[in-house]
Trainee: 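Next up is a structure, given as structure tokens.
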Amino acid sequence: MVTSTISRTSSRVAARLPPWFLPDYTKVSPDGPGHWMTLLAKTYDMWLQPKVIEPADLRKISIPVLVMAGDHDFSSVEENAEIFRDLPNGQLIIVPASNHGTFNKRPELVNLAIREFLEQPDHGGAGL
């Protein structure tokens with residue numbers, strides 16, 4: 001019963017994904033296109049049991065971290081800001097007019113933000 005529910009849910013998820021997801025996955029997957037629905041089922045199962053990183057654990061991350069999300073992403077702007085605030089060397093960019101497909105929808109802005117983040121000598125502290 002659970003397997004059939006996950007299978008039906010995976011099919012619905014697959015139908016709602018952007019059309020380039022499957023071809024892009026097929027290009028890089030060592031398992032080929034036949035593994036697509038297995039991947040979706042495992043991903044769906046993972047979404048049901050999210051891993052929460054505690055603020056105290058985020059505060060232990062000393063390397064520079066760029067937190068990037070779309071303003072209409074799955075996680076809210078505030079959730080991303082909370083993550084950013086707990087990172088000692090974090091930076092935050094919320095990409096306007098974007099969702100979970102930020103990297104594909106706004107590549108020029110995303111690439112600029114990543115390039116500027118990586119080129120900073122200290123990567124320190126202030127949000128973009």
Side-chain angles (χ1 to χ4, degrees):
M1 170 120 159
V2 171
T3 303
S4 64
T5 301
I6 290 175
S7 179
R8 282 193 308 275
T9 302
S10 297
S11 295
R12 284 196 305 269
V13 168
R16 295 181 66 202
L17 291 172
W20 44 265
F21 267 43
L22 178 56
D24 283 1
Y25 172 77
T26 300
K27 289 177 195 172
V28 298
S29 170
D31 301 309
H35 191 256
W36 177 241
M37 293 307 290
T38 302
L39 172 73
L40 291 179
K42 288 180 178 181
T43 302
Y44 178 73
D45 187 49
M46 183 179 65
W47 287 339
L48 294 177
Q49 302 169 27
K51 175 75 174 149
V52 176
I53 301 174
E54 296 298 327
D57 292 328
L58 289 171
R59 287 190 284 273
K60 294 176 187 174
I61 300 172
S62 61
I63 62 169
V65 175
L66 177 61
V67 178
M68 182 182 298
D71 60 352
H72 292 92
D73 214 318
F74 292 139
S75 55
S76 70
V77 171
E78 183 52 36
E79 285 173 302
N80 287 290
E82 285 179 34
I83 292 168
F84 157 72
R85 283 192 211 81
D86 287 320
L87 292 164
N89 289 303
Q91 291 190 25
L92 172 66
I93 180 166
I94 301 298
V95 180
S98 189
N99 53 28
H100 200 62
T102 297
F103 287 74
N104 287 310
K105 187 167 180 146
R106 304 292 307 272
E108 303 83 14
L109 184 56
V110 167
N111 289 336
L112 175 64
I114 293 171
R115 188 171 34 257
E116 287 189 6
F117 173 77
L118 293 174
E119 290 174 352
Q120 292 176 5
D122 64 349
H123 295 286
L128 292 176

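All heavy atoms count here, side chains included; hydrogens, waters and symmetry mates do not.
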Trainee: What are the two closest heavy atoms between Arg106 and Pro96, and how far apart are they?
Mentor: NH1-O, 2.5 Å
Trainee: For Ile93 and Ala113, which heavy atoms make the closest approach, and how far apart are they?
Mentor: CD1-CB, 3.6 Å
Trainee: Sequence neighbours excluded and cut-off under 3.5 Å, please list the side-chain donor-acceptor pairs for residues 13-21, or say none.
Mentor:
none

Trainee: Can I get a per-line list of side-chain donor-acceptor pairs under 3.5 Å for residues 78-85, giving both atom names and the distance, sequence neighbours left out?
Mentor:
| unit_1 | atom_1 | unit_2 | atom_2 | d |
| --- | --- | --- | --- | --- |
| Glu78 | OE2 | Arg85 | NH1 | 3.2 |
| Glu78 | OE2 | Arg85 | NH2 | 3.3 |
| Glu79 | OE1 | Ser76 | N | 2.7 |
| Glu79 | OE1 | Ser76 | OG | 3.3 |
| Asn80 | ND2 | Ser75 | OG | 3.0 |
| Asn80 | ND2 | Ser76 | O | 2.9 |
| Arg85 | NH1 | Ala81 | O | 3.3 |

Trainee: Can you name the residues that form a salt bridge (charged side-chain N to carboxylate O under 4.0 Å, His left out) with Asp24, not counting sequence neighbours?
Mentor: Lys27
Trainee: Starting at CG of Asn89, measure out to CG of Leu66 and round the result to the nearest 0.5 Å.
Mentor: 12.5 Å
Trainee: Keeping to residues at least two apart or across chains, list the ring pair (Phe, Tyr, Trp, His ring centres under 6.0 Å) pairs with something in residues 54-77.
Mentor: Phe74-His100
Trainee: Given 3.5 Å as the limit, does a donor-acceptor pair link the side chain of Asp71 with the main chain of Ser98, or not?
Mentor: yes
Trainee: Can you list the residues that meet the side-chain contact (heavy atoms from CB on, under 4.5 Å) rule with Ile61, with sequence neighbours excluded?
Mentor: Leu58, Ile63, Val65, Leu87
Trainee: Identify the two heavy atoms, one from Ile94 and one from Gly70, that lie closest to each other, and give their separation to 0.1 Å.
Mentor: CG2-C, 4.2 Å
Trainee: Quick one: does Asp86's side chain have a donor or acceptor within less than 3.5 Å of a partner on Arg59's backbone?
Mentor: no
Trainee: Rounded to the nearest 0.5 Å, what's the gap from CG on Asn111 to CD on Glu108? Could you check?
Mentor: 7.5 Å
Trainee: When the side chains of residues 32-40 are checked against the rest of the protein, which donor-acceptor pairs come out under 3.5 Å, sequence neighbours left out?
Mentor:
| unit_1 | atom_1 | unit_2 | atom_2 | d |
| --- | --- | --- | --- | --- |
| His35 | ND1 | Tyr25 | OH | 2.8 |

